Amino acid sequence: MARVAVVTGGTRGIGEAISLALKEAGITVAANYAGNDEKAAAFTERTGIKAYKWDVGDFDACAAGVQQVEAELGPVDIVVNNAGITRDGTILKMTREMWEDVIRINLGGCFNMAHAVFPGMRTRKWGRIVNIGSINGQAGQYGQVNYAAAKSGIHGFTKALAQEGARFGVTVNAIAPGYIDTDMVAAVPADVLEKIVAKIPVGRLGQAHEIARAVAFLCAEEGGFVTGSTLSINGGQHMY
Ligand code: CAA
């Protein structure tokens, strides 16, 4: 039977490309999304991949969401923790809410999802968890203490959970994308973005499918010996 994957934030941007790459690999995909019903419906129409709405920052919603996916598609073998938001601003302008939202969704979402699927993966002795970190969690970024802390946390979370999963056939890895051509990056002020792109050695933004290919590899049978790793895909912007 085909493996079942949940891709959080899986209907747009990098998540959409990941959902598609996993589907192409013969995996049954459930694409989670939080808010944009219209885009999710269009995604399902376009791809044939079912979309499921819940907030990854909500512990109980993740448990219920995974339960629903399992009832409809079967046990979840693969989770890609891709959902994330930005609430950029220098610390002087950053409110407590901006801090808490980013930590709750970007980092808390990884815990909530892993907590929901890990027991089943452990029992079945097979699992793949891929967490989407960021270059800005490795290098820091002016105006992103919340996002950098969350993404950096994801890299630590990955290495800790990888140690817990290894003997049960559950691999846990992270990808650290650089600046990828998505709505999130398009929201960076144009003059700021221009300066960032000027510092990318390959001279361009990344494409979502360039992240998705790597995720598909980590989720494959052949990825079984890769665990606890962080793969940087950033055009050479930060060599970690
Ligand atoms: N390093 C040093 N100083 C900087 C700086 C930098 N990188 N950027 C700005 N400054 C300075 C400015 O020159 C300015 O100095 P003066 O007051 O002396 O003129 C001061 O900091 C304040 O700058 P702003 O007026 O721009 O401050 P702001 O509060 O209006 O905006 C900001 C700050 C929101 C952080 C804005 O600069 C910004 O959006 N930066 C981009 C942040 C970014 O890269 N986000 C990534 C989003 S995509 C993503 O996160 C995906 C991923 O994983 C890669």
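Counting starts at 1 for both ligands and their atoms, following the listed order. Quick caveat, the model's predicted, so the values are computed rather than measured.
- Within the cation-pi definition used here (under 6.0 Å to the ring centroid, within 45° of the axis), Arg128 qualifies as a partner of Trp126.
- Panel note: side chain Lys23, backbone Thr47; a donor-acceptor pair is recorded below 3.5 Å.
- For the 3.5 Å distance criterion, the side chains of Ser229 and Asn173 qualify, holding a donor opposite an acceptor.
- Residue-environment remark: CD (Gln207) exceeds the threshold of 12 foreign heavy atoms within 6.0 Å.
- You'll find the side chain of Asp77 stays beyond 4.5 Å of the side chain of Met121, heavy atoms only.
- Among all protein heavy atoms, the one lying closest to atom 40 (N) of ligand 1 is Val192 CG1, 3.6 Å.
- Assignment of Leu92 to the shell around ligand 1 is not supported, since no heavy atom sits closer than 4.0 Å.
- Scored by the side chain to side chain donor-acceptor pair (under 3.5 Å) test, Tyr33 finds Asp37 as partners (sequence neighbours excluded).
- At a heavy-atom distance under 4.0 Å, only side-chain atoms of Gln144, from C-beta outward, approach ligand 1.
- Of the protein's heavy atoms, none falls inside 4.0 Å of atom 25 (O) of ligand 1.
- The presence of a protein heavy atom under 4.0 Å from atom 14 (C) of ligand 1 is ruled out.
- Contact annotation for atom 21 (O) of ligand 1: protein present (non-hydrogen atoms, distance under 4.0 Å).
- Those atoms of ligand 1 that come under 4.0 Å of a heavy atom in Thr86, given as number and element, are 50 (O).
- Among the atoms of Tyr147, some N or O lies under 3.5 angstrom from an N or O of ligand 1.
- At the shortest separation from atom 39 (O) of ligand 1 among protein heavy atoms lies Pro189 CD, 3.4 Å.
- Per-atom contact check: atom 3 (N) of ligand 1 touches the protein, criterion being a heavy-atom distance below 4.0 Å.
- Closest to atom 42 (C) of ligand 1 among all protein heavy atoms lies Asp88 OD2, 3.5 Å.
- Using cut-offs of 30° and 60° on the angle between ring planes, the pair Phe118 and Phe168 is perpendicular.
- Distances from atom 49 (C) of ligand 1 to the heavy atoms of Gln141, Lys151, Met184, Gln138 put Met184 nearest.
- Remark: atom 36 (C) of ligand 1 lies closer than 4.0 Å to no protein heavy atom.
- Phe157 meets the ring pair (Phe, Tyr, Trp, His ring centres under 6.0 Å) test with no other residue; sequence neighbours excluded.
- Counting heavy atoms under 4.0 Å from ligand 1, residue Ile196 touches it through the side chain alone.
- Ranking protein heavy atoms by distance to atom 33 (C) of ligand 1, first place goes to Thr90 CG2, 4.2 Å.
- For atom 29 (O) of ligand 1, the closest non-hydrogen atom of the protein is Lys93 NZ, 2.8 Å.
- Atom CZ of Arg124 has more than 12 heavy atoms from other residues, nucleotides or ligands within 6.0 Å.
- Inside a 4.0 Å radius of atom 44 (O) of ligand 1 there is at least one protein heavy atom.
- Shown here, atom 31 (O) of ligand 1 is out of close reach of the protein: none of its heavy atoms lies under 4.0 Å off.
- Ion pairing between Arg46 and Glu16 holds under the 4.0 Å rule for side-chain N and carboxylate O.
- Counting atoms of ligand 1 from 1 in the listed order, those under 4.0 Å from a heavy atom of Gly143 are 35 (C).
- Which parts of ligand 1 touch Gly178 is read off a 4.0 Å heavy-atom cut-off, strictly below it: atoms 54 (C).
- A distance-only check finds no donor-acceptor pair linking the side chain of Lys50 to the backbone of Leu73 [under 3.5 Å].
- Without hydrogens or angle criteria, Asn131 side chain to Asn81 main chain gives no donor-acceptor distance under 3.5 Å.
- Of all the atoms in ligand 1, the ones that sit under 4.0 Å from a non-hydrogen atom of Ser134 are 52 (C), 53 (O), 54 (C).
- The presence of a protein heavy atom under 4.0 Å from atom 7 (N) of ligand 1 is confirmed.
- Within 6.0 Å of CD in Glu221 there are more than 12 heavy atoms belonging to other residues, nucleotides or ligands.
- In this structure, the protein non-hydrogen atom closest to atom 1 (N) of ligand 1 is Tyr142 CD1, 3.5 Å.
- Between Asp88 and Lys93, none of the side-chain N atoms (NZ, or NE/NH1/NH2) sits under 4.0 Å from a carboxylate O, so this pair counts as no salt bridge.
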